[in-house]
Structures are given as structure tokens and as C-alpha cells.
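Convention: sequence-line order gives letters A, B, ...; per-chain numbering from 1. Worth knowing before you read on, the calculation uses all heavy atoms, side chains too, and leaves out hydrogens, waters and symmetry mates.
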Amino acid sequence: MVNLIRRDVILQKKYLLTYIPFIVFFIIMESHPALTFLVASIFIPFNAFAYDEKAETNILLNSLPYTRKEIIAARYLGAIVYMVLAIGLTSLALLAFGEPFTMKDIAIGNSLFLLFAALTFPLFYILKSGHTFTVVLLSFLILAGIGPQIVIFLAERLTAITDFIARFSVSTLYTGAGVIVMVIYALSWGFTAFIYQRKAF
Amino acid sequence: MENVVELKNVAKKFKGFAVENINLEIKQGFVTGFMGENGAGKSTTIKMILNLLQPDAGEVKVFGLDYHSHEKAIKERIGFVYDGNVFFEGLNLKDIKRIVAPAYKRWDDDLFYKYIEQFELPLNKAIKTFSKGMQMKASLAIALSHHAELIILDEPTAGLDPIFRRELLDLLQELMVDGNRSIFFSTHITSDLDRIADYLAFIHKGELIFNQSVHEVAENYALVKGKLDLLDRDTEKAFVHIRRASTGFEALTDNSSEVKKTFGDRVVIERASLEDIMYYLKGGIHLG
């Protein structure tokens, strides 16, 4: 299992050189720290799919002594492992640039990452290979671009919902959101494993 | 005699194509050639043996174990070589080894480097720069470096030049010195089989026509030539397929001793090459 997770680093050795400048770019552009954490987390797991959606890769992995459950588990656990590494690296980069950030930024960035991963990972196994990567990348950029505006727009109009949310304390809200994200992530994992089990290569 | 692979009544349906009722046994310690024209169902069968495809019906057992509960144990003992390159093409052999090796408990680095040297493969060049022959050698080196007991090759000789094809076949033969090892390889090039196969399995339009030793095939199958007046509804039953011409008939039988009994000296019986067998069977299976 660890080997399957480590595989992503071996595959992406060359890309990793662009990783730090990538994070630095977001910091210099004065992006919100939460967005920087989100982007940094996405880098390795989603790059990995550029390889994994190829039929040959699935033939290789499934011919090796791995079960299909393990292959999917490595995907979902790997995303968390790389996310944790990304938190460390991004925090160091932010500190180095003297940019302030809070635990809240980390929590928001990573919850959004896990949510995004949960919603898109299954697509790589459902859709025909070749286009998923582009579709997901574009949808991410669009969401990151207009997502916050939409939320603000909705928050201003749908006061009933905001009033309802405002009734909870901040800590309850964060914990609740965190739990919901984790449940969605687990459901996504189960769903993908179920699909992958039945796939033919 | 032990079977390393057993397929019992295996069936798999696709849109417009199906393999049906496959009963295949691969004997331990021998080379089994899997022949059939393009699209006959060779790759589908191989994928089912490797659990890349799950059959709709029937049972697949490898080393006497089923995939349901022993998937990893089975795959530990199999070495695979596919028609095309399945390794990440941007990576060099060293990195591919770093990904593949930890998957196997019995991976042997010394053995791997021995094959790399023997095959004269570069370790630091991306796989995509390799020629077809080199890619094949690279897959083979990886397939052989974990002491696999069963080596499965899907069309290993396709697209290789004749010299390299021979080298590959010689190499496979060398591997068989280890008496426990079994090799199963598919091909549509019959001369490959003449050279190294001990057993032959022939698949045609998704149906397994025979699965016999080379010796049995040579004994049972024959080309028969004779005058047209020898053929009638009864005598025709001895043949798999008959080609008629004004000068006489030429036919393939899968029961040459029976033909000898029926026709005696009135026909000429010749040894059927594998190519003859494939050619005649392609013409249509006689329902007798």
C-alpha cells in the first residue's frame, strides 16, 4: 500500500521541481492563505490521475499483486498523506514570506480540498479516460474563480439560511462542516471502490 | 499431472463478441501456445486468467486458487508480458523498477540486473525511446525478476523482427530448464509454436477448439487429398473442413486414424502444419 502511495512521487519527480515556485506564486499574488493551502494540496493527487486514468496503468497495477480495493485505498489515503505534506510545506513557505495565516485557513483550505477530491475522484473512474483530467482542472479553476462570489451572492439573498447558520457557534460550525466533509469523503471512497471492483481492463 | 491454470465453462460477453464455454487447462512445467487469429478471443481469455476481466460465468483457478480469496497470492507467482507497453512511458527502467519491485515479496534485484545486462537495456533512458524489441525485453526482465512460476505472454512476438523473435523463443526455452515453471503465450504466428510449444490451445471465434499436446495434434490432425467421388454424407463426417476443386478434394481431419481406416490407400494423408489447421478451421467448423 505504501508503495502505491510512494509511486506518485516517483512518477512526478520532475513536476515536483515546479511545486515550490507554484506555491510561491500564489503567495506573491497575495492569494488568501486558505486558497494557497487548497491549491498546494491539489497538486500531487490530481497530477497522479493524469497517469492513472490511462488504461495501461490500470492493466499494470492490476497485474501486480495488489487488490482493487488497495489501489483505490491508496488513492484516497494518498491524497490525505500528500495533503498533510502540503500543509507543512505551504506553512513553511508562508512563514518564510512573512505572510500571516491561521489554523482556520488550513482547516478551510483542506476541507475544500477533501470536498473537491471526494466529488471528483469517482469521475476519473466513471468517465471515459482521456478527458477527465482536463474537465476537473477547468472546473476547479472556474470554481476557485467565481465560487466565493457565488457564496457571497447567495448569502446576501438567502437570509433564511444565513440566519439558521448564524445560530450556531463558530466552533460548532467548523466541527460540523469538518465532519460532513469527512463523511462525504468516506462515501466517495466506498463508491469509487465499488465502481473499480467491476471495471474491465 | 498438475494444472497451473484451469478455466471451467468460462464465458464472457461483450457487444458483438463473446467467448463461450472455455474449458482450458495449462499444464505445470510446460510451454503452452495459445493460437488463434486476431480477434478470436486470446486477449480476453488471458485477461480473465489475470483477473483483469471477470467472467460472466464459469470458474477461473490459478495454482488451484481462486481470485476471490487469493488474488495477491496468485499474482505474486505470475509474471506478465503484454503486447503493448504497460509501463509509464516517460519513466526510465530504474524508476519503473522502483515502482514494481516493492510490489513483490520475492523480487530479486540481482536477477533483474542480470537480465538488464543480458538484454543490453539502458537503465536511464525513458521507456518511450525504446524500440519495440527493447520494450519487450524490458517487460520480460521485469516479469522474470520475481521468480514467477507462471509466465503469461500476450502476443510477445508480434511486431518483432525475425531474428529477435528467435532470440526471444530461445530465451523462453532456457527458462524452462527450471522444471516447475510454466509458460503460456498467445500468438497468431504459428512458426513460434512449432519451435517451443509442448501443448497447444486453439481458439476460434470465442470458442476453444482444442487443447492438446503437440504430439497429439500431430497425430490427430492431418491433411487428406483424394478424388471427389470418395465423399458422401457419411465419409464427410471425418473431416473438419473440406475444400473441393474439379481435380479432387483437400480436407482437414481431426481424426487421422479414422480416415485411414475408412479410405485406406485411396487418399493421400499428409501431416497438417499448424498453419494448415488454422487455415482450414477458419474456413468453418464442420458440424458432424
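- Counting heavy-atom pairs under 4.5 Å between each of A:L11, A:N58, A:T57, A:V2 and chain B puts A:L11 at the top.
- Less than 6.0 angstrom separates the ring centroid of A:F116 from the ring centroid of A:F46.
- Using a 30° and 60° split on the angle between ring planes, A:F121 and A:Y76 fall in the perpendicular class, above 60°.
- Only the side chain of A:K13 comes within less than 4.5 Å of a heavy atom in chain B; its backbone stays farther off.
- Between A:F43 and A:Y82, the distance from one ring center to the other does not fall under 6.0 angstrom.
- Both the backbone and the side chain of B:E76 have a heavy atom closer than 4.5 Å to some heavy atom of chain A.
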ask   = Stepwise, does the ring-ring contact (aromatic ring centres under 6.0 Å, His included) test hold for B:F34 with B:F185?
value = CA-CA 6 Å; B:F34 191 32; B:F185 79 106; over 10 Å; no
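- Proximity to chain A is limited to the side chain of B:L91, based on heavy atoms less than 4.5 angstrom apart.
- Judged purely by atom type and a 3.5 angstrom limit, A:N3 uses its side chain to pair as donor or acceptor with the backbone of B:P102.
- Proximity to chain A is limited to the side chain of B:Y82, based on heavy atoms less than 4.5 angstrom apart.
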